[in-house]
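All values derive from a computational prediction rather than experimental measurement.
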Amino acid sequence: MDDAQYSGQNPWPLTLERAGREAKFLWLGKTAEESEAAWDTFPGVFGFYGVKGEKPGATVYARFSDPQAGGSQRPVYFASQFYGSGQVFYIGSGEMWRLRGTDPTYFEVLYTKLIRHVSQGRILRGSSRGALLVERDRYELGETVVV
């Protein structure tokens with residue numbers, strides 16, 4: 001595990017991927033704009049535990065933004081994927097408590113929504129043979145649906 005740990009001298013903000021900006025369970029505000037502004041005010045984290053790479057079927061929500069970390073692609077910091085009848089969520093380090101420095105409610109909001117999201121499991125699972133999974137629960141008319 002020590003080989004996969006990266007630690008810096010300064011905090012680096014998290015870079016939310018498109019999936020992270022659209023995931024309501026990661027919203028720190030009531031709207032997407034409020035949430036993005038909240039994440040922009042968060043100074044970030046000092047390090048992370050690296051992973052070998054993105055797993056097939058996993059959704060990456062955020063990356064660590066330090067240009068010295070990782071290679072050509074920034075390291076994964078938030079990711080999730082279905083496993084068995086539930087869902088697993090990966091957080092790259094134990095530093096999310098630092099959200100309290102920006103606003104004490106952000107930490108509570110993040111973990112409350114995250115626990116609810118992960119504990120849902122596969123509520124809408126239909127067939128035991130397979131399932132088609134999409135990135136979000138709702139789409140507007142004309143939007144592209146990634147399956």
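- For an aromatic pair to be called close, the ring centres must be under 6.0 Å apart, and Tyr77 with Phe48 fails this.
- The six-membered or imidazole ring of Tyr111 lies away from that of Tyr106, with a centre-to-centre distance of 6.0 Å or more.
- Glu22 CD: more than 12 foreign heavy atoms inside a 6.0 Å radius.
- Judged by distance alone, the side chain of Glu36 and the main-chain N or O of Arg21 form no donor-acceptor pair under 3.5 Å.
- Here the shortest heavy-atom pairing between Tyr61 and Ala23 reads CE2-CB, 3.9 Å.
- Counting heavy atoms from C-beta outward, Arg74 and Phe64 have side chains that stay 4.5 Å or more apart.
- Listed for the Ser65 side chain is a donor-acceptor partner under 3.5 Å among the backbone atoms of Pro13.
- Remark: side-chain polar atoms of Trp39 are paired, donor with acceptor, to backbone N or O of Leu26 under 3.5 angstrom.
- Proximity of Met96 to Phe42: side-chain heavy atoms (C-beta onward) are separated by under 4.5 Å at one or more points.
- In plain terms, the two heavy atoms of Gly29 and Lys113 that are nearest each other are O-NZ, 4.0 Å.
- Among all heavy-atom pairs drawn from Gln81 and Pro56, the shortest one is NE2-O, 4.3 Å.
- Taken to the nearest 0.5 Å, the CZ atom of Phe25 stands 5.5 Å off from the OG atom of Ser80.
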Task: Verdict with supporting geometry, Arg63 and Glu54, salt bridge (Lys or Arg N to Asp or Glu O under 4.0 Å) - done: CA-CA 11 Å; Arg63 295 180 183 277; Glu54 300 170 24; 2.3 Å; yes
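- Separation of the Phe78 and Tyr90 ring centroids does not fall under the 6.0 Å cut-off.
- Across all their heavy atoms, Ala19 and Thr59 have their closest contact at CB-CG2, 3.8 Å.
- Scanning all heavy atoms of the two residues, the minimum distance from Gln87 to Val118 falls at O-CG1, 3.2 Å.
- Note on Leu141 and Val145: separate hydrophobic clusters, where clusters join Ile, Leu, Val, Met, Phe, Trp and Tyr whose side-chain heavy atoms are under 4.5 Å apart, directly or indirectly.
- For the pair Val109 and Asp103, the minimum side-chain heavy-atom distance is 4.5 Å or more.
- Taking CH2 from Trp97 and CG from Leu99, the interatomic distance works out to 10.5 Å, rounded to the nearest 0.5 Å.
- Counting only distance, with no hydrogens or angles, the side chain of Glu95 and the backbone of Phe46 share a donor-acceptor pair below 3.5 Å.
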TODO: Give the C-alpha distance, both sets of side-chain angles, the deciding distance and a yes or no for side chain to side chain contact (heavy atoms under 4.5 Å, CB included) between Arg18 and Val146.
DONE: CA-CA 12 Å; Arg18 187 180 116 231; Val146 178; 4.1 Å; yes
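- With a 4.5 Å cut-off on side-chain heavy atoms, Arg136 and Glu143 count as touching.
- Counting heavy atoms of neighbouring residues, nucleotides and ligands inside a 6.0 Å radius, atom NZ of Lys55 does not exceed 12 of them.
- Summarising the geometry of Val45 relative to Arg98, their closest heavy-atom pair is CA-CD, 4.4 Å, with the distance given to 0.1 Å.
- A continuous path of Ile, Leu, Val, Met, Phe, Trp and Tyr side chains, each step under 4.5 Å between heavy atoms, connects Leu28 with Leu16, placing both in one hydrophobic cluster.
- If you chain together hydrophobic residues whose side chains sit under 4.5 Å apart, Leu110 and Trp12 fall into the same group.
- For Tyr49 and Ser93, the side-chain atoms include no donor-acceptor pair closer than 3.5 Å.
- With hydrogens and angles disregarded, no donor-acceptor distance shorter than 3.5 Å links the side chain of Ser35 to the backbone of Thr31.
- In this structure, CG in Asp40 is found 11.0 Å from OG1 in Thr102, a value given to the nearest 0.5 Å.
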